[in-house]
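Please read these numbers as outputs of a predicted model, since none were measured by experiment.
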Amino acid sequence: MTPDKIASMLGFAMRAGKAVYGVDMICRSGSKVYAVLYAADLAEGSAFKLKAAAAAKGAAVIRCADDLSEITHRVNCKAIGVADRQMAEAILGNLNEKFVIEPAEVK
């Protein structure tokens, strides 16, 4: 799957209202989040906080080598959560070298 396909799947999730933007909103979200994508340039403390929240929610954590701002068309977007199970499974099942699954557990 190319990054364009992943961008389209994220676009579908965003248009359906099944996306949560930003580290703080993902951590405070009351809805179930199945996958969390974050930019490689996210601050270390924020990445730690995001992984802890993902572990608590049972969500997969994916590090994106590309800038998420370009994919989501939102200025300075560093993290996005996908609240649709089927969309998250489709993204997880077709990752490439630009998207890396990371452990959600925090040491």
Can [Y] be reached from [X] by stepping across I, L, V, M, F, W or Y side chains whose heavy atoms are under 4.5 Å apart?
X     : Y     : result
Val20 : Leu92 : no
Met25 : Val23 : yes
Val61 : Leu95 : no

Looking only at heavy atoms, which two atoms of [X] and [Y] are closest? And how far apart?
X     : Y     : answer
Ala59 : Val36 : CB-CG2, 4.1 Å
Ala65 : Ala40 : CA-CB, 4.4 Å
Ile26 : Ile80 : CD1-C, 3.7 Å

State, yes or no, whether a side-chain contact exists between [X] and [Y] at a heavy-atom distance under 4.5 Å.
X     : Y      : answer
Val82 : Val33  : no
Ile71 : Cys64  : yes
Ile62 : Val100 : no

For Phe48, does the six-membered ring have the charged nitrogen or CZ of Lys51 within the cation-pi criterion, i.e. under 6.0 angstrom from the centroid and within 45° of the normal?
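No, Lys51 and Phe48 do not form such a contact.
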Check whether NZ of the Lys or CZ of the Arg Arg74 lies under 6.0 Å from the centre of the six-membered ring of Tyr21 and within 45 degrees of that ring's axis.
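Yes, a cation-pi geometry holds between Arg74 and Tyr21.
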So how far is it from [X] [atom1] to [Y] [atom2], rounded to the nearest 0.5 Å?
X     : Y     : atom1 : atom2 : result
Leu50 : Asp24 : CG    : CG    : 10.0 Å
Phe99 : Ile6  : CZ    : CD1   : 4.0 Å
Lys18 : Gln86 : NZ    : CD    : 10.5 Å
Lys5  : Ile91 : NZ    : CD1   : 13.0 Å
Cys27 : Lys49 : SG    : NZ    : 5.0 Å
Leu37 : Arg63 : CG    : CZ    : 11.5 Å

Strictly distance-based, threshold 3.5 Å: is any side-chain N or O of [X] a donor or acceptor partner for the main-chain N or O of [Y]?
X     : Y     : result
Lys57 : Ser29 : yes
Thr72 : Leu68 : yes
Lys32 : Ala83 : no
Ser69 : Val75 : no

Pair Tyr38-Glu102, side-chain donor/acceptor within less than 3.5 Å
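On atom types as modelled, these side chains qualify, holding a pair under 3.5 Å.
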